[in-house]
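For reference, the structure discussed in these notes is given below.
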Amino acid sequence: MFAKYDIIVVGAGHAGCEAAAAAANMGSKVLLATMNMGTIAQMSCNPAVGGVAKGQIVREIDALGGLTGIITDESAVQFRMLNLSKGPAMWSPRAQSDRAMFAEKWRSLLEKNKNIDFWQEMIMSIMVKKNKVVGVKTSLGLEIQSKAVVLTNGTFLNGVIHVGEKNFGGGRTGEKSSKGITEQLEALGFVSGRMKTGTPPRLDGRTINYGLMEEQKGDERPGLFSFKSKKGLKKQLSCHITYTNKKTHTILEGGFSKSPMFNGRIKAIGPRYCPSIEDKITRFSERDRHQIFVEPEGWNTVEVYVNGFSTSLPEDTQLKALRSIRGFEKVKMFRPGYAIEYDYFPPTQLEHTLETKPIENLYFAGQINGTTGYEEAACQGLVAGINAHNKILKKDPFVLSRSQAYIGVLIDDLINKGTDEPYRMFTSRAEHRILLRQDNADIRLTRLGYKIGLADKKRIEELQKKEKDIASLEKEIKTEKLIPEKVNKFLCSVGSAKIKEKKTLRALTKRPNVSLNDLLCMAELKKDYKKEVIDQVEINLKYESYIKKETEVVEKIERLENSRIPASFNYSGVASLSAEGKEKLNKIKPKSIGQASRISGVSPSDVSILMVYLKK
């Protein structure tokens, strides 16, 4: 019935879609298996993409040739650049999405790809021969052969949904959970665990009094995620902000006796940085209110997402608490919030390529690895899809370092440190974040994407033009000068000292609060430059010393990364290593001294001892 596929991707969420698209666009014949063709690329939680650090990840996905950025631009209802009051390393793009349009555009792009076939059915197990994956088996007993398999099961592995005292099996509301894979993987030697996440109730926007809330509009000049996209939003939908209050908290506390989080039915650990409303009022009991973001679900629906009100309390408690909030006094619910418990596999069982250590040609991506968030899932799917394709063609593995991309930081954190709670990316996790900005993702990564056959030639041509324009502008501002009569009024308006003689644009741009874009309006340059070129030149100039210093640090670290450790190295035979160091090193089996130094439990003295032994 089935031809033999190069790669089978199990699950069509954000990880699965990127994995299938990447492998197919590189030339592999792919089967995308999902339990429901109607929920491909479903935004299970909030209808938004990006945010702090997550926005950087999406721009990196795009720079490499992935699709999340393009689809986000095509389905956005609002765009905002977050953290503009901080340095450029913190600037993070975020788009509010039309939930239905986002999924529709993903499915359309996948269906247009002739290298992708689809199969709607539950996958019950993988087929393994001699510790190598050779395909999958479906719930109908069908055996489908492949050279590699990528598991992107999301929250579906033995998923259990909780609403108050009620609980039932499910991968998300209205969909059944997936059975069989966890038990088989455990029998093959994998270690599994349980995690929890949650989602807020969805509301009827016709019953919300927006006039009592703070309006949050999009940027006046909305940006884009994809370096390929050309047109930003001409009109945008507003979000709104409201707050809980003491009455809300009292109502919520009244439902705690029926909450699965407090009566012991939920034992799994939830996301630290996206806590439920129950968690918030318990952990931050000194606060009288908590912020609630009221987010539209799309252009043509009245459904509203209540960001900040994730809960698993009984539905009557949820509604009563909501109606105590300003603007929600007469609100109606479309459906209540719920918590979900699901299986995951600690990611220390993976290589940097996301291939599993116990089974060859089997890859894990997304929430199966203990992460949370569309963006974290999508980038793992991209990397798994690339590496599955490369592996079956005997090509070099594709691995991004911590100094190359946030994607590299995320994967390195997962496989070296593991996680026992849902992992979310933050700028603080990236020690080289001044180099890993959202504005330069194409400069960092597009050539890599082109080299592996994912980013197309047009992207390279556009990158080369951008770099040529950057060099041209950098050259011009070194020689172009402004006279005092032309610039002093502007300098005073931004709190900068007047000049007494001509100054170059370069010198003036280095001043705090002085924008290169404003200076260019007063200058007479040979050509006009795009905003992205002007921004890049200004950032490189203002943060020149920091970038230089960080680059030097990276060069030193790379020497440790190049100090390779033989796969056969016997850590147990090094008597002077600490007991914990031996245990962790034997478990992770690092490829280099640099990787060994980042493993939790491996001390600096352990690293020094290893370096001495390797020199011998």
Side-chain angles (χ1 to χ4, degrees), residues 126 128-133 148 151 184-193 344-364 368-370 380 383-384 387-388 390-392 394-404 408-420 423 431 554-616:
I126 59 171
V128 178
K129 286 184 181 177
K130 297 179 180 178
N131 287 330
K132 189 173 185 177
V133 73
L151 294 184
Q184 184 202 13
L185 290 176
E186 287 176 339
L188 289 169
F190 287 87
V191 175
S192 72
Y344 85 106
F345 290 83
T348 50
Q349 300 168 98
L350 303 175
E351 304 284 0
H352 269 100
T353 58
L354 298 182
E355 183 180 18
T356 67
K357 292 175 181 176
I359 303 296
E360 190 179 354
N361 290 3
L362 176 64
Y363 295 78
F364 290 173
I368 193 172
N369 290 335
Q380 291 173 70
V383 170
N387 278 306
N390 282 356
K391 178 76 183 291
I392 62 178
K394 295 183 169 56
K395 292 184 176 181
D396 291 339
F398 179 77
V399 174
L400 293 168
S401 71
R402 298 181 72 91
S403 59
Q404 284 179 301
V409 173
L410 183 148
I411 293 173
D412 192 68
D413 276 355
L414 290 176
I415 69 162
N416 288 323
K417 300 173 184 176
T419 185
D420 56 7
Y423 177 102
E431 61 272 34
V554 167
E555 288 170 357
K556 289 178 184 176
I557 290 171
E558 282 179 353
R559 288 197 285 272
L560 289 178
E561 298 297 337
N562 292 331
S563 183
R564 311 303 289 176
I565 302 176
S568 59
F569 191 87
N570 181 18
Y571 299 101
S572 301
V574 184
S576 44
L577 283 174
S578 68
E580 186 180 6
K582 287 179 186 177
E583 180 191 338
K584 294 294 176 66
L585 289 164
N586 278 317
K587 180 181 178 182
I588 305 295
K589 297 191 183 304
K591 300 287 194 302
S592 69
I593 290 291
Q595 185 187 350
S597 69
R598 297 189 297 276
I599 298 172
S600 298
V602 176
S603 68
S605 62
D606 288 330
V607 173
S608 298
I609 291 162
L610 275 179
M611 290 176 76
V612 170
Y613 266 78
L614 285 173
K615 283 179 183 177
K616 289 179 180 178

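Owing to the predicted nature of the structure, the values given are computational and were not obtained by experimental measurement. The figures here come from the full heavy-atom set of this structure, side chains too, leaving out hydrogens, waters and symmetry mates.
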Distance from [X] atom [atom1] to [Y] atom [atom2], nearest 0.5 Å?
{"X": "K417", "Y": "I415", "atom1": "NZ", "atom2": "CD1", "result": "11.5 Å"}
{"X": "S563", "Y": "L610", "atom1": "OG", "atom2": "CG", "result": "9.0 Å"}
{"X": "T356", "Y": "L362", "atom1": "OG1", "atom2": "CG", "result": "4.0 Å"}
{"X": "I359", "Y": "K130", "atom1": "CD1", "atom2": "NZ", "result": "14.0 Å"}

Closest approach of [X] and [Y], non-hydrogen atoms and distance?
{"X": "P397", "Y": "T353", "result": "CB-CG2, 3.5 Å"}
{"X": "H352", "Y": "V383", "result": "O-CG1, 4.5 Å"}
{"X": "V133", "Y": "A148", "result": "CG1-CA, 4.1 Å"}
{"X": "L354", "Y": "Q380", "result": "CD1-O, 3.3 Å"}
{"X": "N416", "Y": "I588", "result": "OD1-CG2, 3.7 Å"}
{"X": "K391", "Y": "E355", "result": "NZ-OE2, 2.7 Å"}

Are the side chain of [X] and the backbone N or O of [Y] linked by a donor-acceptor pair below 3.5 Å?
{"X": "S608", "Y": "P604", "result": "yes"}
{"X": "Q184", "Y": "I126", "result": "yes"}
{"X": "Q595", "Y": "K591", "result": "yes"}
{"X": "K589", "Y": "A567", "result": "no"}

Are [X] and [Y] close enough that some pair of their side-chain heavy atoms sits under 4.5 Å apart?
{"X": "V607", "Y": "L560", "result": "no"}
{"X": "L188", "Y": "V128", "result": "yes"}
{"X": "I599", "Y": "P590", "result": "yes"}
{"X": "D412", "Y": "S401", "result": "no"}
{"X": "N369", "Y": "Y423", "result": "no"}

Near K357 NZ, under 6.0 Å, is it more than 12 heavy atoms from other residues, nucleotides or ligands? yes
Given L151 and L185, is the side-chain contact (heavy atoms from CB on, under 4.5 Å) satisfied, shown in steps? CA-CA 11 Å; L151 294 184; L185 290 176; 4.1 Å; yes
Would S592 and E561 count as having a side-chain donor-acceptor pair, cut-off 3.5 Å? yes
Under 3.5 Å, is there a donor on one side chain and an acceptor on the other for Y363 and N387? no
Go through the steps for K132 and N361 under the test side-chain contact (heavy atoms from CB on, under 4.5 Å), then give the verdict. CA-CA 6 Å; K132 189 173 185 177; N361 290 3; 3.4 Å; yes
side-chain contact (heavy atoms from CB on, under 4.5 Å), that's the test. Do D413 and R402 meet it? Break it down for me. CA-CA 9 Å; D413 276 355; R402 298 181 72 91; 2.8 Å; yes
Sorted by chain and number, sequence neighbours left out, ring pair (Phe, Tyr, Trp, His ring centres under 6.0 Å) with F569 holds for Y571
Sequence neighbours excluded, the answer for ring pair (Phe, Tyr, Trp, His ring centres under 6.0 Å) partners of F364 is F190, F345
With a 4.0 Å cut-off on N to O distance, would you call D606 and K582 a salt bridge? no
If you apply the rule side-chain contact (heavy atoms from CB on, under 4.5 Å), what do you find for I565 with I593, and how did you get there? CA-CA 7 Å; I565 302 176; I593 290 291; 4.2 Å; yes
